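Please read the structure below before turning to the comments.
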Amino acid sequence: MNKEILKEKAMAMKPWLVQIRRDFHRHPELSLEEKRTSKEIRRHLGEMGIPYETYEGQTAVIALIKGAQEGKTVALRGDMDGLPIQEKNKTEYCSIIDGVMHACGHDAHITILLGAAKLLSGMTDKIKGNIKLLFQPAEETVGGAERMVKSGCMENPKVDYAIGLHVMPYLPCGIIESRHGALNGASDNIYIHIKGKAAHGAYPEMGTDAIFLAGHVITALQGVASRSVSPLDSVVLTLGTIEGGVKENVLAEEVKIRGTLRTLHPVTRTMVKERIKRIVAYVCASYEGEGHVEIEEGYEALINDPEVVDIIQHTAEEYLGKKTFIWKEKPSLGVEDMSYFIKASKGAYYHLGCGNIEKNIIAPLHNERFDIDEDCLSIGVMMQAAIALELLNR
């Protein structure tokens, strides 16, 4: 399809996109509870004549647009879940679900993916290959992307490229941002259990103070990032809760500490987790106590493929004009489970500007006043469709 025609069709779609986005925004649903959202997605796909499938017991929807010619397969992803936040905006499309809000823009992501589906399904005679549409639940909690990959969403046909976007309020509407390599970090939950021996506070030699041990463990762990990791790498260890003790004059028998670890590189991630386990065990043992660590793995780091990022840059500048693409200088240690789709194929993730100072659309993500400049919807549709076509033509 001619560039100008594709752009014109995407821009003309705005009223329809706004209507759909506002409907999703009014009816947000939490992770793994996206039943209405999934039903509406399936209804729209049915009206477009696009075949889809679901997984038993899941709200995920996987649709496929087949081109007239054989070729590669590009997957486009849109996450679906809202957040447990009470919206404070006074718009006509404000959430009507008490305590739940689309505060991360997933309503926009669903809408853009449906828009791209509508645009691409109307030009199958010009498509060489396939477009797979991945409507993903539970990005905010348990990692719906990993579950979808394990269920086989990247197969039949096998996905060659995966593309995703996230609306970003710190970027003005019309600006695209990404980077080569690591864009988002990995996360792990850390659970530390320290055991001592209770005793009367007047006779400390009779016991082993778990709070005393915890103090030394916390101090030692703060040296991991500064002394075990290169200053050119990025590691953040946050110990967010600590519980222990029963009375002010009794040595604590046990202390529990919980925290998170965020890293960018897989080798560093593995090394730091082992280092944490050793520090806790050895520090506690040196004072005749015991220390154990359990680690619950979270999302993996999102690593963009440089070739695909270059295509995103080229597409942005071709369709939106020069200087509309910004290179993100540093990665974020916030997590994003688009990483699982990219791990299963070549791919990249980018940020779509949705902010507008003049319209007072400036609230950050996960904020009770978050909103978007709805002009970004047509831009997102145009970008996703154009990137998919560019990848297939290669």
Side-chain angles (χ1 to χ4, degrees), residues 14-47 52 54-63 77-118 133-148 164-169 299 334-338 352 354-356 359-377 380-381:
K14 182 183 174 182
W16 182 78
L17 295 170
V18 168
Q19 180 182 2
I20 290 176
R21 180 258 167 170
R22 292 186 179 187
D23 178 67
F24 284 127
H25 192 86
R26 289 188 191 98
H27 303 91
E29 295 173 298
L30 296 176
S31 299
L32 302 180
E33 298 176 8
E34 310 95 334
K35 294 181 180 179
R36 181 189 184 276
T37 304
S38 180
K39 182 179 179 180
E40 284 299 298
I41 289 169
R42 286 180 273 126
R43 181 176 70 82
H44 286 298
L45 291 171
E47 291 175 353
Y52 60 83
T54 60
Y55 298 130
E56 185 176 355
Q58 296 187 35
T59 53
V61 181
I62 306 93
R77 173 266 203 163
D79 36 7
M80 303 157 54
D81 51 332
L83 286 162
I85 294 175
Q86 183 67 46
E87 183 166 7
K88 292 187 178 180
N89 291 318
K90 302 300 181 182
T91 59
E92 61 178 280
Y93 50 86
C94 183
S95 170
I96 64 172
I97 309 300
D98 190 48
V100 185
M101 175 190 176
H102 269 301
C104 202
H106 293 184
D107 53 335
H109 300 172
I110 305 165
T111 303
I112 289 169
L113 188 50
L114 284 171
K118 186 174 185 178
L133 311 170
L134 306 176
F135 294 91
Q136 179 216 312
E139 190 279 329
E140 299 289 356
T141 55
V142 298
E146 184 179 23
R147 294 183 177 198
M148 289 180 68
L165 60 76
H166 201 302
V167 292
M168 201 59 69
Y299 294 171
V335 297
E336 169 53 64
D337 74 345
M338 176 71 190
L352 174 71
C354 71
N356 191 317
K359 296 180 182 179
N360 198 35
I361 300 175
I362 56 175
L365 299 173
H366 290 221
N367 182 278
E368 66 271 12
R369 297 195 184 279
F370 172 78
D371 203 353
I372 67 168
D373 182 342
E374 291 174 321
D375 287 345
C376 77
L377 298 173
V381 169

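In this text the structure is predicted, and so the values were computed from the model without any measurement.
Side chains of Ile361 and Pro169 form no contact here, defined as non-hydrogen atoms less than 4.5 Å apart. When side chains are defined from C-beta on, Glu34 does not count as touching Ile41, because their heavy atoms never get closer than 4.5 Å. Looking only at side-chain heavy atoms (C-beta outward), Leu114 and Phe135 come within less than 4.5 Å of each other. For the pair Cys104 and Leu83, the minimum side-chain heavy-atom distance is below 4.5 Å. With contacts defined as side-chain heavy-atom distances shorter than 4.5 Å, the pair Ile112/Leu352 qualifies.
Put simply, CG on Leu17 and CD on Glu374 are 9.5 Å apart, with the number rounded to the nearest 0.5 Å. From Cys376, atom SG reaches atom CE of Met168 across 11.5 Å, with rounding to the nearest 0.5 Å. To the nearest 0.5 Å, the span separating CZ on Arg42 from OG1 on Thr59 amounts to 9.0 Å. Atom-to-atom distance recorded for Glu29:CD and Lys35:NZ is 9.0 Å, nearest 0.5 angstrom. In this structure, CD on Glu139 lies 4.5 Å from CD on Glu336, to the nearest 0.5 angstrom.
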Could you go step by step and tell me if Arg77 and Asp337 meet the salt bridge (charged side-chain N to carboxylate O under 4.0 Å, His left out) rule? CA-CA 11 Å; Arg77 173 266 203 163; Asp337 74 345; 2.9 Å; yes
Start with the C-alpha distance between Ser31 and Val142, add both sets of side-chain angles, then the distance that settles side chain to side chain contact (heavy atoms under 4.5 Å, CB included), and finish with yes or no. CA-CA 8 Å; Ser31 299; Val142 298; 5.8 Å; no
Starting from the C-alpha separation in whole Å, work towards a yes-or-no answer on side chain to side chain contact (heavy atoms under 4.5 Å, CB included) for Asp107 and Arg21. CA-CA 6 Å; Asp107 53 335; Arg21 180 258 167 170; 3.0 Å; yes
Before you tell me yes or no, could you show the steps for His106 and Glu140 under side chain to side chain contact (heavy atoms under 4.5 Å, CB included), namely the whole-Å CA-CA distance, both residues' side-chain angles and the distance that decides it to 0.1 Å? CA-CA 10 Å; His106 293 184; Glu140 299 289 356; 3.4 Å; yes
Before giving the answer on side chain to side chain contact (heavy atoms under 4.5 Å, CB included), spell out for Lys118 and Trp16 the whole-Å C-alpha distance, their side-chain angles and the decisive distance to 0.1 Å. CA-CA 11 Å; Lys118 186 174 185 178; Trp16 182 78; 3.7 Å; yes
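The backbone N or O of Gly334 lies less than 3.5 Å from no partner atom in the side chain of Tyr299, so there is not a single donor-acceptor pair. Between the side chain of Asp81 and the backbone N or O of Leu32, no donor-acceptor pair lies under 3.5 Å. A donor-acceptor distance shorter than 3.5 angstrom exists from the side chain of His109 to the backbone of Val167, with no hydrogens or angles considered. With hydrogens and angles disregarded, no donor-acceptor distance shorter than 3.5 Å links the side chain of Asn356 to the backbone of Ile372. Proximity of a side-chain donor or acceptor of Arg26 to a complementary backbone N or O of Ile96 within less than 3.5 Å is not detected. A donor-acceptor pair is defined here as one N or O able to donate and one able to accept, closer than 3.5 Å; no such pair exists between the side chain of Gln136 and the backbone of Met148.
For Arg36, the salt bridge (charged side-chain N to carboxylate O under 4.0 Å, His left out) partners are Asp23, not counting sequence neighbours. Among residues two or more places apart in sequence or in another chain, the side-chain contact (heavy atoms from CB on, under 4.5 Å) test is passed with Ile97 by Pro28, Ser95, Val100. For Lys14, the salt bridge (charged side-chain N to carboxylate O under 4.0 Å, His left out) partners two or more places apart in sequence, or in a different chain, are Asp375. Scanning for side-chain hydrogen bond (donor to acceptor under 3.5 Å, both in side chains) contacts around Glu40 gives Arg43, with sequence neighbours left out. Ala63 pairs by the side-chain contact (heavy atoms from CB on, under 4.5 Å) definition with Leu45, Ile50, Tyr52, Leu133, not counting sequence neighbours. The ring pair (Phe, Tyr, Trp, His ring centres under 6.0 Å) check on Tyr93 picks up His25, with sequence neighbours excluded.
Other residues, nucleotides and ligands contribute more than 12 heavy atoms inside 6.0 Å of the NZ atom of Lys359. In this structure, Gln19 places its CD atom where only 12 or fewer heavy-atom neighbours from other residues, nucleotides or ligands lie under 6.0 Å away.
Here the closest non-hydrogen pair linking Gln86 and Glu368 is O-CB, 3.3 Å. Of all heavy-atom pairs spanning Asn367 and Ala103, the tightest one is O-CB, 3.7 Å. Smallest separation of non-hydrogen atoms from Ile110 and Asp79: CG1-O, 3.5 Å.
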